[in-house]
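Hydrogens, waters and symmetry mates are skipped; everything else that's a heavy atom, side chains included, is used. Owing to the predicted nature of the structure, the values given are computational and were not obtained by experimental measurement.
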Amino acid sequence: MHQISDISVIIPSYNRPQLTLRAVSSALSQTLPPLEVIVVDDGSRSAVSEQDLQSLATDFPSPVRLLSHSRNAGAAAARNTGVNNAKGPFVAFLDSDDFWLPQKLATQRELAHPDDSMLAICCGWGEIRNEKLVPEIRLPRDSKNADDFLAACWHCPGSTLLLPKAAFDETGPFNVELPRLEDYEWFVRFSMSGGRLISAPIEGSRIAIGTRYGVKEVKRACQSIISRHAGQLSNKQRQTMRAYLYQQLASAHYAHGEKWLFAWMILRSLQQKPRATFHLDKWWNYARRSH
C-alpha cells in the first residue's frame with residue numbers, strides 16, 4: 001500500500017491531449033504518490049478526455065480530476081483554477097508537454113515545511129531539444145535575495161515547483177492579464193514578500209524546449225510588469241528588472257528573425273545592466289547523468 005502525500009499536482013493543458021496523458025502518468029507514477037492530480041483544460045479545441053484520464057488512473061492510488069475553462073484564458077488562469085480547487089496543503093506544477101522522474105515529489109517533500117508558507121522548493125531538470133535529451137542536468141541554486149528573482153527566472157517553475165498553497169494567500173494569484181512571463185512576475189512578488197527558494201539536488205523533471213511566444217505577447221507582458229512594479233523598486237532594482245525584460249524581448253525578436261530589433265533590445269538590456277554574458281550560469285550548477 002502506497003503512502004499518499006499531501007501534494008496536489010496541477011497540470012494546465014491546451015491542445016495537447018497525448019502529451020497531457022504522459023504528464024499525468026509521470027505524476028501518478030511518483031514513488032510518493034500525490035494526493036490528487038488536477039488537469040485544467042484551458043479551452044482546448046482538442047482536449048484530453050475524462051475517459052482517458054480515468055482509464056490511466058485505474059492502476060494508481062491517486063485520483064485524477066479534470067477541470068475545464070469554456071475559453072482559452074492562458075497559463076496563469078489555468079494554474080489559478082488548479083490552486084483554487086486543490087485539496088492539499090502543498091501544490092506542485094507540471095506543464096503538459098513536460099514530465100517528471102519518479103523520485104521528484106518524494107525528494108522535494110522531505111525539504112518542505114508545512115508551517116513555512118514562504119518556502120518554495122524547485123528541482124533540477126534535463127532539457128529535451130529537438131526530441132533529444134541534453135546530456136547536462138541543470139541544478140538551480142538556492143536564493144533568498146529578492147534581487148536574484150528580479151534578474152531572471154532561472155528555476156523553470158512551470159514544471160519544477162513545489163510550494164505551500166498558503167503562499168498564494170501571501171503573494172496573491174498568478175496575474176491573468178499576462179500572456180507571458182507570469183511565473184517571473186509571481187516570483188517577483190513572492191520574493192519581495194520575503195519568499196525564498198531552495199533546490200532539491202536531483203533531476204526531477206524533463207523539460208521540452210519549444211518555440212517562443214510572439215513578440216506582441218512578450219512586449220505586452222513586459223510593459224505590464226514594469227508598470228505594476230517599477231514604483232515599488234529602487235533604481236538599481238528597476239534597472240535589473242528592465243535588463244531581464246529587454247533580454248526576453250530580444251529573444252522573441254530573434255526567434256522571429258528580426259535581427260536588428262534583437263540587437264537593439266540587447267543594447268537596451270546592456271544599458272540597464274552592463275554584463276559580459278546573458279547566460280544564467282551563475283544560478284545553475286551542472287551535472288552529467290550516468291546513463
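Of the possible donor and acceptor atoms, one in the side chain of T171 sits under 3.5 Å from a partner among the backbone N and O of A167. Between the S227 side chain and the Q223 main chain, no donor and acceptor come within less than 3.5 Å of each other. In this structure, the side chain of Q30 engages the main chain of L101 through a donor-acceptor pair within 3.5 Å. Remark: the backbone N or O of R220 is not paired with any side-chain donor or acceptor of S224 at under 3.5 angstrom. Not a single donor-acceptor pair under 3.5 Å links the side chain of S199 to the backbone N or O of P201. Between the S26 side chain and the W100 main chain, a donor and an acceptor come within less than 3.5 Å of each other. With hydrogens and angles disregarded, no donor-acceptor distance shorter than 3.5 Å links the side chain of K104 to the backbone of S205. The main-chain N or O of E136 is never found under 3.5 Å from a side-chain atom of E127 such that the two would form a donor-acceptor pair. D6 places no side-chain N or O within donor-acceptor distance of the main-chain N or O of G88, the cut-off being under 3.5 Å.
Heavy atoms only, all atoms of each residue included: G126 and L133 are closest at C-CD1, 4.3 Å. Annotation for S29 and P102: closest pair O-CB, 4.1 Å, computed over non-hydrogen atoms. When every heavy atom of A75 is checked against every heavy atom of D42, the shortest pair comes out as N-OD2, 4.3 Å. Of all heavy-atom pairs between E170 and S193, the closest is O-OG, 4.4 Å. A pairwise comparison of heavy atoms in Y244 and A151 identifies CD1-O, 3.2 Å as the closest pair. The shortest non-hydrogen separation linking A152 to L280 is CB-CD2, 3.6 Å.
Classified by interplanar angle (parallel below 30°, tilted 30° to 60°, perpendicular above 60°), the ring pair W125/W284 is perpendicular. Between F149 and W154, the two ring planes are tilted [angle within 30° to 60°].
By the rule that hydrophobic residues join a cluster once side-chain heavy atoms approach within less than 4.5 Å of another member, F60 and L21 end up as members of one cluster. Connection of I121 to L139 is not established within any shared hydrophobic cluster, with ILVMFWY side chains joined at heavy-atom distances below 4.5 Å, either directly or through further cluster members. Put simply, W186 and L181 are part of two different groups of oily side chains (I, L, V, M, F, W, Y) that touch within less than 4.5 Å, one to the next. Put simply, L105 and L94 are part of the same group of oily side chains (I, L, V, M, F, W, Y) that touch within less than 4.5 Å, one to the next. Under the 4.5 Å side-chain heavy-atom criterion for ILVMFWY residues, a single connected hydrophobic cluster contains both L56 and V39.
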**Working for side chain to side chain contact (heavy atoms under 4.5 Å, CB included), residues T240 and D147** = CA-CA 8 Å; T240 297; D147 289 355; 5.6 Å; no
**Asked** Please walk me through it: do V91 and I7 pass side chain to side chain contact (heavy atoms under 4.5 Å, CB included)?
**Response** CA-CA 5 Å; V91 294; I7 302 167; over 6 Å; no
**Message:** Using side chain to side chain contact (heavy atoms under 4.5 Å, CB included), reason through D142 and R196 one step at a time and then give a plain yes or no.
**Reply:** CA-CA 8 Å; D142 301 351; R196 63 198 192 283; over 6 Å; no
**Request:** For the pair D41 and S44, evaluate side chain to side chain donor-acceptor pair (under 3.5 Å) and give the outcome as yes or no after the intermediate values.
**Result:** CA-CA 6 Å; D41 180 75; S44 297; 2.6 Å; yes
**Item:** Intermediate values then yes/no, side chain to side chain donor-acceptor pair (under 3.5 Å), D52 and S49
**Value:** CA-CA 5 Å; D52 285 345; S49 73; 3.2 Å; yes
**Message:** With side chain to side chain donor-acceptor pair (under 3.5 Å) as the criterion, how do Q247 and R275 come out once you've worked through the C-alpha distance, each side chain's angles and the decisive distance to 0.1 Å?
**Reply:** CA-CA 12 Å; Q247 183 179 339; R275 55 205 189 275; 3.2 Å; yes
**Request:** Test R65 against N85 for side chain to side chain donor-acceptor pair (under 3.5 Å), laying out the working first.
**Result:** CA-CA 10 Å; R65 289 197 282 157; N85 286 275; 4.7 Å; no
**Message:** Would I128 and K132 count as a side chain to side chain contact (heavy atoms under 4.5 Å, CB included) here? Give the steps.
**Reply:** CA-CA 5 Å; I128 301 172; K132 293 183 179 180; 6.0 Å; no
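For the pair Q108 and C123, the minimum side-chain heavy-atom distance is below 4.5 Å. Counting only heavy atoms from C-beta outward, the side chains of V48 and L66 approach each other to under 4.5 Å. Inter-residue side-chain proximity for D116 and P164 is flagged as unmet; no heavy-atom pair is nearer than 4.5 Å. Put simply, the side chain of F90 reaches to within 4.5 Å of the side chain of P114, judged on heavy atoms. Between R288 and I137, every side-chain heavy-atom pair lies at or beyond the 4.5 Å cut-off. Looking at heavy atoms from C-beta onward, L28 lies out of side-chain contact with P33 at the 4.5 angstrom threshold. You'll find the side chain of P63 reaches within 4.5 Å of the side chain of E36, heavy atoms only. Within the 4.5 Å cutoff, the side chain of L163 has heavy atoms near those of the F93 side chain.
Distance CG/L267 to CG/L270: 6.5 Å, rounded to 0.5 Å. Distance CD1/I38 to CG/L35: 8.5 Å, rounded to 0.5 Å. Separation of atoms SG (C156) and CG (D98) is listed at 6.5 Å; rounding is to 0.5 Å. If you take CZ on F190 and CG on D183, they are separated by 13.0 Å, rounding to the nearest 0.5 Å. Note: L249 CG to R242 CZ = 13.0 Å, rounded to the nearest 0.5 Å. Rounding to the nearest 0.5 angstrom, the gap separating the OG1 atom in T160 from the CG atom in L197 is 7.5 Å.
Between E217 and R180, no side-chain nitrogen of the basic residue sits less than 4.0 Å from a carboxylate oxygen of the acidic one, so the salt-bridge criterion is not met. Between R138 and D281 there is no salt bridge, since no side-chain nitrogen of the basic residue lies less than 4.0 Å from a carboxylate oxygen of the acidic one. With respect to E185 and R228, a salt bridge is recorded, a charged nitrogen being found less than 4.0 Å from a carboxylate O. A salt bridge links E182 with R79; the closest basic N to acidic carboxylate O contact falls under 4.0 Å.
More than 12 heavy atoms of other residues, nucleotides or ligands sit less than 6.0 Å from atom CD of Q54. When the shell of 6.0 Å around NZ of K219 is examined, it contains 12 or fewer heavy atoms from other residues, nucleotides or ligands. Counting non-hydrogen atoms of neighbouring residues, nucleotides and ligands closer than 6.0 angstrom, the OH atom of Y254 reaches no more than 12 such neighbours.
Separation of the H155 and F187 ring centroids falls under the 6.0 Å cut-off.
Between D97 and the options R206, R16, R22, a salt bridge (Lys or Arg N to Asp or Glu O under 4.0 Å) holds for only R16.
For the residue pair S96/S13, the side-chain donor-acceptor check at 3.5 Å is not satisfied.
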